[in-house]
Colleague: 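One structure coming up, written as structure tokens, with questions to follow.
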Amino acid sequence: MYDLIIVGGGPAGLTAGIYAVRFGLNTIILEKSEISGQIALADMVENYPGFPAISGLELMEKYKSHAQEIGVETKITEVLSIRDEGKKKIVSTDSGEFESKAVIIATGANPKHLNVPGEKEFISKGVSYCAICDGPFFKNKTVVVVGGGNSAIADALLLSKIAKKVYLIHRRDKLRAVKILQDRAFKATNIEFILNACILEIIGNTEGIRRVEKIVVKDLKSGELQELATDGVFIYIGIHPNTEIIDVEKNEEGFIRTDRFLETSKKGIYAVGDCRDTPLWQLVAAVRDGALATTAVNDYIEKFKKETT
Ligand code: NAP
């Protein structure tokens, strides 16, 4: 039986793994596809102390090699469910069951969908949730970015360096993004803001080569509809937590509720990073969560040992 199973290998999970090795806990990280996390999709990280500007991918590579060097055990396998049997946690995966004394959930979150006609049909054919992944396909083209948060503005800026024209569509007249990003976006000459507006439909060619051609935009003040020609639609309207595998207390949006030591409503099961109900979804917060939860796990396991001897 492992002391600790960490589900998810993003920054929060890897930090938990690094701390676990240092505590001498017998630990494994189970990750669905590749040790990485959402941060690997960030073009540039500029708010992580010690690194004034570093690409998300490069930072993730540094986490990975740190974890490897220190000897964190990882396995690529999809976790299907987690069963709490008191002092024993059973983690079912597509390659069998794993047992541990404690579990840290670090499953992160995925981009939310707009759920408008055409979105699903044109995913990877013009509809994208990641400018760093798909931006280069839109060199000198026209793209639309949806949303007013940090992700939308950061990626609109990235796209403004690749595409000829970027339309930023946001449902209110105020952006949510931090001021430094807003200022840069307002200065970019090829970003045009369409505020108080939403997308009703994404339309494109469905015969032969499938690709986006235009969108239908609704002015939320006047109710007027207009068609806007575009080659791509990048959607950033928030994130949805990957928490279906575990039955613990969650908030209305599905983010896992924890106490101040990051323990969930079930003893010995902790949650860290973007899947957790937290006011700050940031890299520094994820890293802090990983460290704190593992420290709490170490105390939990010490207590566990005393009780079983
Ligand atoms: P976010 O901050 O939650 O922003 C989502 C945006 O989408 C909001 O402007 C929201 O509008 C809009 N929206 C939500 N639902 C919508 C809908 N159905 N239709 C149209 N618009 C909709 O999400 P995010 O930008 O993805 O960021 C997620 C987290 O990561 C945030 O905490 C963010 O700070 C963090 N992040 C940080 C950085 C950084 O620090 N460099 C970079 C990227 C992301 P309203 O404003 O009207 O609600």
Side-chain angles (χ1 to χ4, degrees), residues 6-22 27-76 104-111 128-136 145 147 149-162 177-181 184-185 234 236 238-242 262 270-276 278-295:
I6 300 165
V7 185
L14 282 180
T15 305
I18 291 167
Y19 270 67
V21 168
R22 292 169 59 84
T27 302
I28 188 167
I29 296 182
L30 304 177
E31 164 65 44
K32 184 160 69 172
S33 46
E34 192 190 341
I35 298 293
S36 78
Q38 286 261 102
I39 194 65
L41 307 179
D43 174 40
M44 218 25 100
V45 177
E46 296 177 324
N47 55 1
Y48 192 66
F51 296 89
I54 183 167
S55 80
L57 198 58
E58 201 184 334
L59 193 54
M60 204 59 227
E61 287 303 326
K62 285 187 188 292
Y63 282 133
K64 272 193 322 199
S65 51
H66 185 169
Q68 266 158 14
E69 273 167 35
I70 203 170
V72 178
E73 184 185 348
T74 58
K75 183 172 174 63
I76 301 296
I104 293 180
I105 318 279
T107 44
N110 281 331
S128 170
Y129 305 85
C130 173
I132 190 151
C133 322
D134 301 324
V145 171
N150 283 329
S151 304
I153 306 305
D155 277 16
L157 282 165
L158 170 66
L159 288 163
S160 73
K161 292 178 199 135
I162 302 168
V178 290
K179 188 172 177 303
I180 190 170
L181 287 176
R184 283 185 208 159
F234 287 80
Y236 304 94
I239 53 177
H240 174 78
N242 300 316
L262 311 188
Y270 297 74
V272 296
D274 282 357
C275 68
R276 186 169 85 79
T278 164
L280 189 65
W281 289 307
Q282 297 264 302
L283 190 54
V284 282
V287 165
R288 170 261 186 201
D289 278 10
L292 174 56
T294 313
T295 307

Colleague: For a 4.5 angstrom cut-off between non-hydrogen side-chain atoms, does V178 reach N47?
Modeller: no
Colleague: Drop me the distance from M60's CE to S65's OG, to the nearest 0.5 angstrom.
Modeller: 10.0 Å
Colleague: Less than 4.5 Å apart, side chain to side chain, heavy atoms only: is that true for N110 and I239?
Modeller: no
Colleague: Under the side chain to side chain contact (heavy atoms under 4.5 Å, CB included) test against V72, which residue among T27, V21, I6 passes?
Modeller: V21
Colleague: Between E46 and R184, does any side-chain N to carboxylate O distance fall below 4.0 Å?
Modeller: yes
Colleague: Rounded to the nearest 0.5 Å, what separates atom NZ in K64 from atom OG1 in T74?
Modeller: 9.5 Å
Colleague: Kindly determine whether I54 and Y48 satisfy side chain to side chain contact (heavy atoms under 4.5 Å, CB included), including the steps that lead there.
Modeller: CA-CA 9 Å; I54 183 167; Y48 192 66; 5.6 Å; no
Colleague: Looking at Y19, I want to see if its OH is surrounded by more than 12 non-hydrogen atoms of other residues, nucleotides or ligands under 6.0 Å.
Modeller: no
Colleague: Between L280 and A285, what is the shortest heavy-atom contact and its length?
Modeller: O-CB, 3.3 Å
Colleague: Going from CD on Q68 to CG on L14, what distance comes out if it is rounded to the nearest 0.5 angstrom?
Modeller: 9.0 Å
Colleague: Considering only heavy atoms from C-beta outward, does the side chain of P49 approach that of V284 to under 4.5 Å?
Modeller: yes
Colleague: List the atom of I76, the atom of K32, and the distance in Å for their closest heavy-atom pair.
Modeller: CG2-O, 3.4 Å
Colleague: Does N242 offer a backbone N or O that forms a donor-acceptor pair with the side chain of T107 under 3.5 Å?
Modeller: yes
Colleague: If you take all heavy atoms of I153 and A177, which pair is closest and at what distance?
Modeller: CG1-CB, 3.4 Å
Colleague: Kindly give the heavy-atom pair with the smallest separation between R22 and I70, and that separation in Å.
Modeller: CG-CD1, 3.6 Å
Colleague: What's the separation between atom CH2 in W281 and atom SG in C275, rounded to the nearest 0.5 Å?
Modeller: 11.0 Å
Colleague: Evaluate the criterion side chain to side chain contact (heavy atoms under 4.5 Å, CB included) for residue pair D134 and F234; output intermediate values, then yes/no.
Modeller: CA-CA 9 Å; D134 301 324; F234 287 80; 4.1 Å; yes
Colleague: When you look at CD1 of I180, are more than 12 heavy atoms from neighbouring residues, nucleotides or ligands closer to it than 6.0 Å?
Modeller: no
Colleague: Step by step, would you call H66 with I18 a side chain to side chain contact (heavy atoms under 4.5 Å, CB included)?
Modeller: CA-CA 8 Å; H66 185 169; I18 291 167; 3.8 Å; yes
Colleague: Taking all atoms of both residues into account, what is the closest heavy-atom pair of V272 and A106, and its distance?
Modeller: CG2-CB, 3.4 Å
Colleague: Counting N and O atoms only, with roles assigned by atom type, does the side chain of E31 sit under 3.5 Å from a partner on the main chain of G9, one being a donor and the other an acceptor?
Modeller: yes
Colleague: Does D289 reach the main-chain N or O of G273 with its side chain, forming a donor-acceptor pair under 3.5 Å?
Modeller: yes
Colleague: Please walk me through it: do I29 and E73 pass side chain to side chain contact (heavy atoms under 4.5 Å, CB included)?
Modeller: CA-CA 6 Å; I29 296 182; E73 184 185 348; over 6 Å; no
Colleague: State whether the side chain of D155 and the backbone N or O of V145 hold a donor-acceptor pair below 3.5 Å, judged by distance alone.
Modeller: no
Colleague: Taking the side chain from S55 and the backbone from E58, do they hold a donor-acceptor pair closer than 3.5 Å?
Modeller: yes
Colleague: Under 4.5 Å between any side-chain heavy atoms of I104 and V7, yes or no?
Modeller: no
Colleague: Going by the side chain to side chain contact (heavy atoms under 4.5 Å, CB included) test, name the single residue among L292, T294, T295, I105 that passes it with L262.
Modeller: L292
